[in-house]
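Here the structure comes first, spelled out in structure tokens, and everything after it is commentary.
Because the structure is a prediction, the values reported are computed rather than measured. Side-chain atoms are counted along with the backbone in the values below, which use heavy atoms only and exclude waters and symmetry mates.
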Amino acid sequence: MFNRRHLRIKLLQSLYAHEQGADNNLVKAESELFHSINRMYDMYLFLLLLYIEMRDVAIQKIEDGHKKRLPTQEDLNPNTRFVANKFIGQLSENQDLKSRAEKGKVNWMGEGELLKRMFKMLAETPEYQLYMRTIKPTYDDDQEVVVRTFRRHLINHPGLHEFFEERSIYWVDDLDIVASMTYKTMKLFKQDTTSDFKLLPLWKDDGDEMDFVKILFRKAISQSEEHTELIHQYTENWEVDRIALTDIILMKMAMTEVREFPQIPIKVTLNEYIEIAKYYSTPKSSTFINGVLDKLFSELLNLGKINKLGRGLIT
């Protein structure tokens with residue numbers, strides 16, 4: 001489900017917490033790291049269930065209109081395009097989503113007021129209003145209104161952010177990552193997709209990603225002091241305590257990665273950590289990290305601590 005950049009970001013968060021904390025229990029820290037990654041899957045399920053729940057809000061709104069003592073013409077002849085949305089119907093019938101949500105006890109129970117607020121916001125979006133005026137919406141129309149409103153509006157709803165923050169400290173920084181995977185899953189559905197369609201898995205079947213996390217986390221910690229000394233040598237014109245802790249951790253992670261994963265080209269590792277720095281550190285961090293890592297990688301090569309396998313892996 002999550003690509004390696006996502007996993008590097010989770011490792012960065014975990015190593016940052018480890019550096020800041022007084023508890024040096026590595027077993028506990030690793031356990032919390034994997035718990036954090038596993039909990040991201042619950043968020044993924046919550047987001048996939050969201051439109052099913054809002055469809056139920058819309059159905060209830062229609063039923064309440066019918067029960068009015070003095071119903072309007074709109075109450076008597078409601079627009080049912082959203083409640084009849086074929087793509088949302090596919091989500092609600094998907095057996096994998098049902099079973100995973102039930103097993104993980106993931107549901108929106110007790111969040112009726114939040115769902116009503118979110119549906120109200122949804123109904124005010126130009127995409128939704130245009131869709132509701134479409135005479136005979138196609139399957140593509142049904143899917144597009146969900147995908148567009150999710151990506152442009154629902155994912156930014158303050159109430160949704162509060163909901164996730166209250167349920168897990170691990171979700172504070174994870175929403176963007178999980179939202180991208182939810183969006184990808186929504187786009188994978190087709191008109192002929194059946195109810196046995198499988199959701200994206202948490203880990204790839206070959207187990208390489210889990211090993212990547214374990215090795216990088218453990219080795220980054222065991223090599224931390226050695227890498228800190230190297231960073232000091234190549235940032236001698238800087239006061240180390242003025243270098244952002246995030247930058248230091250990213251550089252130590254990058255050095256560990258080039259040493260421990262012979263199959264990953266040095267250039268790939270360098271680019272990955274530069275990109276992560278753009279989003280998770282200071283405005284000038286990516287340039288700073290690029291310059292320092294270039295020197296550090298050269299030093300590690302000279303020391304014989306980088307052994308890449310195959311052509312193109314050094315550069």
- Item | Lys/Arg N to Asp/Glu carboxylate O, Arg152 vs Glu127, below 4.0 Å | yes
- Decide if atom CD of Glu19 counts as having more than 12 heavy atoms of other residues, nucleotides or ligands within a radius under 6.0 Å. yes
- Query: What do the steps show when you test Thr149 against Tyr51 for side chain to side chain donor-acceptor pair (under 3.5 Å), and what is the final call?
  - Reply: CA-CA 10 Å; Thr149 55; Tyr51 277 81; 2.7 Å; yes
- Item | Which residues share a side-chain hydrogen bond (donor to acceptor under 3.5 Å, both in side chains) with Asp196, sequence neighbours left out | Thr194
Please output the side-chain donor-acceptor pairs of residues 181-188 that fall under 3.5 Å, not counting sequence neighbours, one pair per line with the distance.
residue, atom, partner, partner atom, Å
Thr182, OG1, Val178, O, 2.9
Tyr183, OH, Arg151, NH1, 3.0
Thr185, OG1, Tyr44, OH, 2.7
Thr185, OG1, Met181, O, 2.9

Which donor-acceptor pairs under 3.5 Å do side chains of residues 52-63 form with protein atoms, sequence neighbours excluded?
residue, atom, partner, partner atom, Å
Gln60, NE2, Asp64, OD1, 2.9

- Which residues satisfy the ring-ring contact (aromatic ring centres under 6.0 Å, His included) test with Phe163, sequence neighbours excluded? Phe46, Trp108
- Message: Between Leu293 and Leu296, does the side-chain contact (heavy atoms from CB on, under 4.5 Å) criterion hold? Intermediate values first, please.
- Response: CA-CA 5 Å; Leu293 281 181; Leu296 290 169; 4.1 Å; yes
- Taking all atoms of both residues into account, what is the closest heavy-atom pair of Glu111 and Arg167, and its distance? OE2-NH2, 2.7 Å
- Task: Answer yes or no: are there more than 12 heavy-atom neighbours, outside Lys120 itself, under 6.0 Å from its atom NZ?
- Result: no
- Task: Output all residues satisfying side chain to side chain contact (heavy atoms under 4.5 Å, CB included) with Gln191, sequence neighbours left out; order by chain, then residue number.
- Result: Tyr139
- Task: Take Glu32 and Asn25 through the test side-chain contact (heavy atoms from CB on, under 4.5 Å) and record every step on the way to the result.
- Result: CA-CA 11 Å; Glu32 289 179 351; Asn25 188 326; over 6 Å; no
- Do other residues, nucleotides or ligands put more than 12 heavy atoms under 6.0 Å from Glu74 CD? no
- Query: Would a distance-only check, ignoring hydrogens and angles, find a side-chain to backbone donor-acceptor pair under 3.5 Å from Thr228 to Ser224?
  - Reply: yes
- Salt-bridge contact Lys136-Asp141 (side-chain N to carboxylate O under 4.0 Å): no
- Task: Evaluate the side-chain proximity of Leu199 to Asn94: yes if any heavy-atom separation is below 4.5 Å, no if none is.
- Result: yes
- Item | ILVMFWY network linking Val83 to Leu76, side-chain heavy atoms under 4.5 angstrom | no
- Would you indicate whether the side-chain heavy atoms of Leu154 and Leu160 approach each other to under 4.5 Å? no
- Message: Using the rule given for side-chain contact (heavy atoms from CB on, under 4.5 Å), can you reason through Gln90 versus Phe197, listing the C-alpha separation, both sets of side-chain angles and the distance that settles it, and then say yes or no?
- Response: CA-CA 9 Å; Gln90 285 181 323; Phe197 172 84; over 6 Å; no
- Contacts of His35 meeting ring-ring contact (aromatic ring centres under 6.0 Å, His included) (sequence neighbours excluded), chain-then-number -> Tyr170
- Minimum heavy-atom distance between Pro262 and Asn307, given as atom pair plus value: CB-O, 3.4 Å
- Nearest heavy-atom contact between Lys98 and Ser92 is CE-O, 2.9 Å
- Taking all heavy atoms of Phe217 and all of Ala29, pick out the closest pair and write down the distance. CZ-CB, 3.8 Å
- Query: Got a donor-acceptor contact below 3.5 angstrom from the Thr193 side chain to the Lys190 backbone?
  - Reply: yes
- Query: How about Gln20 and Leu245: do any of their side-chain heavy atoms sit closer than 4.5 Å?
  - Reply: yes
- Item | Same cluster (ILVMFWY, side-chain, under 4.5 Å), Ile9 and Tyr279 | yes
- Task: Given side-chain contact (heavy atoms from CB on, under 4.5 Å), test Val258 with Ile264 step by step and report yes or no.
- Result: CA-CA 7 Å; Val258 296; Ile264 301 177; over 6 Å; no
- Taking atom CG of Leu7 and atom CG of Leu12, what is their separation to the nearest 0.5 Å? 12.5 Å
- How would you list all residue pairs meeting ring-ring contact (aromatic ring centres under 6.0 Å, His included) that involve residues 73-93, not counting sequence neighbours? Phe82-Phe119, Phe82-Tyr128, Phe87-Phe189
- Check whether more than 12 heavy atoms from other residues, nucleotides or ligands sit under 6.0 Å from atom CD of Glu225, and answer yes or no. no
- Note on the structure: Residues at least two apart in sequence or cross-chain that pass side chain to side chain contact (heavy atoms under 4.5 Å, CB included) with Asn107, listed by chain then number, are Met109
- Message: Once rounded to the nearest 0.5 Å, what's the spacing between atom CD of Glu165 and atom CG of Asp173?
- Response: 9.0 Å
- Ignoring hydrogens and geometry, is there a side-chain-to-backbone donor-acceptor pair from His161 to Pro158 under 3.5 Å? no
- Item | Gap between atom NZ of Lys305 and atom CG of Leu230 - 0.5 Å precision | 7.0 Å
- Roughly how far, to the nearest 0.5 Å, is the NZ atom of Lys219 from the CD1 atom of Ile221? 12.0 Å
- Task: For Thr256 and Gln223, test the side chains for any donor-to-acceptor distance below 3.5 angstrom and give the result as yes or no.
- Result: yes
- Note on the structure: By side chain to side chain contact (heavy atoms under 4.5 Å, CB included), Lys214 pairs with (sequence neighbours left out) Glu30, Phe34, Met210, Arg218
- Task: Could you tell me whether the side chains of Asn79 and Arg81 share a donor-acceptor contact shorter than 3.5 Å?
- Result: yes
- Item | Of all pairs that satisfy side chain to side chain donor-acceptor pair (under 3.5 Å), the ones with a partner from residues 289-302, not counting sequence neighbours | Tyr234-Glu299
- Message: Same cluster or not: Val213 versus Val27, using hydrophobic residues (I, L, V, M, F, W, Y) connected whenever any side-chain heavy atoms lie under 4.5 Å apart?
- Response: no
- Query: At their closest point, which heavy atom of Glu93 faces which heavy atom of Ser195, and how far apart are they?
  - Reply: O-CB, 3.3 Å
- Query: At what distance, to the nearest 0.5 angstrom, does CD of Glu275 lie from CG of Leu250?
  - Reply: 12.0 Å
- Query: Rounded to the nearest 0.5 Å, how far apart are CD1 of Ile276 and OG of Ser286?
  - Reply: 12.0 Å
- Other than Leu130, what residues sit in its cluster of Ile, Leu, Val, Met, Phe, Trp and Tyr side chains whose heavy atoms are under 4.5 Å apart, directly or through others? none
- Query: Side chain of Asp142, backbone of Lys86: donor and acceptor closer than 3.5 Å?
  - Reply: yes
- Message: Check for me whether Arg100 meets the cation-pi criterion with Tyr41, that is, NZ or CZ under 6.0 Å from the six-membered ring centre and within 45 degrees of the ring axis.
- Response: no
- Message: Is there a side-chain contact between His6 and Asp174 in this structure, where contact means two heavy atoms from C-beta onward sitting under 4.5 Å apart?
- Response: no
- Item | Partners passing salt bridge (charged side-chain N to carboxylate O under 4.0 Å, His left out) against Glu144 (at least two apart in sequence or in another chain) | Arg148
- Query: Which of these passes salt bridge (Lys or Arg N to Asp or Glu O under 4.0 Å) with Glu209: Arg8, Arg4, Arg5?
  - Reply: Arg4
- Item | Note, Leu270 side chain near Ile289 side chain (heavy atom, < 4.5 Å) | no
- Message: Can you see whether Asn85 engages Tyr131 through a side-chain donor-acceptor pair at a distance of less than 3.5 angstrom?
- Response: yes
